[in-house]
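Note sheet for the following structure.
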Amino acid sequence: KQEVTQIPAALSVPEGENLVLNCSFTDSAIYNLQWFRQDPGKGLTSLLLIQSSQREQTSGRLNASLDKSSGRSTLYIAASQPGDSATYLCAAAMNRDDKIIFGKGTRLHILP
Amino acid sequence: EPEVTQTPSHQVTQMGQEVILRCVPISNHLYFYWYRQILGQKVEFLVSFYNNEISEKSEIFDDQFSVERPDGSNFTLKIRSTKLEDSAMYFCASSPDSATNEKLFFGSGTQLSVL
């Protein structure tokens with residue numbers, strides 16, 4: 001059974017710093033991995049999706065990497081801004097049409 | 001931009017009562033889902049729905065739960081007799097095609113509180 005774990009559970013960093021959020025999964029036979037952002041009172045927004053054949057995806061200041069063999073993914077946020085404050089969720093899918101299995105998330109707070 | 005709409009945003013009910021959570025998926029989407037998140041816990045899959053029937057359901061989705069697409073636009077989750085442990089944020093999601101987990105759009109959620 002796939003388990004997704006995220007460390008740390010919470011993180012506070014000063015504005016402008018680069019940071020890394022970590023995600024690990026127990027079953028390396030994933031089909032894809034996504035990073036979501038969750039804002040209070042709002043839904044989940046997909047930020048980046050990495051297929052199992054890919055090593056990384058980039059969108060603006062965000063870069064997500066995937067290492068299937070070690071069961072790890074990272075989300076790198078460059079030049080953090082207060083607007084980046086949110087909970088970031090990592091989620092894995094085992095097949096193309098399969099449900100998404102989420103981690104508990106990392107609650108990020110960027111200090112102005 | 002099209003979005004998934006959920007109503008109400010907050011629902012308070014007494015234990016044992018029936019509740020219906022409502023969702024309006026994006027209009028051209030074909031696959032529909034309910035997920036839930038108990039406070040402090042992971043977002044968990046409940047059920048997926050396609051072509052007017054359940055495609056997959058988790059062990060959480062027992063006989064107390066049902067889903068329906070009554071009129072071609074709404075997608076509802078019914079809990080027949082709520083329990084305290086049903087208190088959670090319930091998210092509806094929809095997807096346009098069979099690559100369902102790659103193009104998943106979530107609603108803002110309904111916070112259900114069972115007293």
Side-chain angles (χ1 to χ4, degrees), chain A residues 1-10 21-27 29-54 57 59 64 66 73 86-107, chain B residues 1-10 21 23-26 29-51 54-61 88-111:
Chain A
K1 181 183 174 184
Q2 179 71 276
E3 294 284 341
V4 178
T5 304
Q6 293 186 247
I7 296 173
L21 307 181
N22 296 295
C23 170
S24 62
F25 45 93
T26 54
D27 187 346
I30 61 170
Y31 178 77
N32 63 39
L33 186 135
Q34 289 190 71
W35 284 91
F36 287 85
R37 171 177 172 143
Q38 183 178 24
D39 292 283
K42 296 186 179 180
L44 310 174
T45 302
S46 181
L47 298 172
L48 289 164
L49 181 145
I50 312 176
Q51 301 289 357
S52 60
S53 58
Q54 298 174 322
Q57 283 288 329
S59 176
L66 176 64
S73 176
T87 298
Y88 290 82
L89 303 175
C90 170
M94 305 307 292
N95 293 294
R96 185 171 184 258
D97 302 330
D98 205 4
K99 60 186 178 291
I100 291 176
I101 301 165
F102 286 88
K104 285 182 84 170
T106 294
R107 193 170 61 255
Chain B
E1 184 174 332
E3 60 182 17
V4 176
T5 305
Q6 289 187 245
T7 56
S9 56
H10 294 87
L21 308 183
C23 170
V24 179
I26 295 173
H29 284 194
L30 302 175
Y31 295 79
F32 314 112
Y33 308 83
W34 286 99
Y35 284 78
R36 79 173 186 188
Q37 186 178 31
I38 295 171
L39 185 64
Q41 302 300 315
K42 297 181 180 183
V43 176
E44 304 172 289
F45 169 79
L46 292 178
V47 66
S48 59
F49 191 86
Y50 169 71
N51 200 25
I54 291 173
S55 309
E56 185 181 359
K57 59 183 181 180
S58 71
E59 57 271 17
I60 302 168
F61 194 89
M89 177 73 85
Y90 288 80
F91 292 105
C92 174
S94 69
S95 176
D97 57 35
S98 60
T100 54
N101 53 51
E102 298 179 6
K103 301 174 186 176
L104 204 55
F105 294 81
F106 283 85
S108 299
T110 293
Q111 180 65 55

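Every chain is numbered from 1, with letters handed out A, B, ... down the list of sequences.
By the ring pair (Phe, Tyr, Trp, His ring centres under 6.0 Å) test, A:F25 pairs with no residue at all, sequence neighbours left out. Contacts of A:Q38 classified as side chain to side chain donor-acceptor pair (under 3.5 Å), with partners at least two apart in sequence or in another chain: B:Q37. Every residue two or more places apart in sequence or in another chain that forms a ring pair (Phe, Tyr, Trp, His ring centres under 6.0 Å) with B:W34 is listed here: B:F75.
Residues of residues 43-51 of chain B that come closer than 4.5 Å to chain A, counting heavy atoms only, are B:V43, B:F45, ordered by residue number.
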Pair A:L44-B:Y35, side-chain contact (heavy atoms from CB on, under 4.5 Å): steps then yes or no: CA-CA 11 Å; A:L44 310 174; B:Y35 284 78; over 6 Å; no
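Side-chain contact between A:E3 and B:K42 is present, with heavy atoms from C-beta onward closer than 4.5 Å.
A donor-acceptor contact shorter than 3.5 Å is absent between the side chain of A:K99 and the backbone of B:S58.
Between B:Q41 and A:K104, the shortest heavy-atom distance links the atoms CA-CE, 4.1 Å.
With chain A as the partner, the residue from B:A93, B:G107, B:S55, B:S9 showing the most heavy-atom pairs under 4.5 Å is B:G107.
Residue contact with chain B, scored on non-hydrogen atoms closer than 4.5 Å, involves the side chain of A:L89 exclusively.
Between B:E3 and A:K42 there is no salt bridge, since no side-chain N of the basic residue sits under 4.0 Å from a carboxylate O of the acidic one.
Enclosure of atom CD1 in B:I54 by more than 12 non-hydrogen atoms of other residues, nucleotides or ligands within 6.0 angstrom is indicated.
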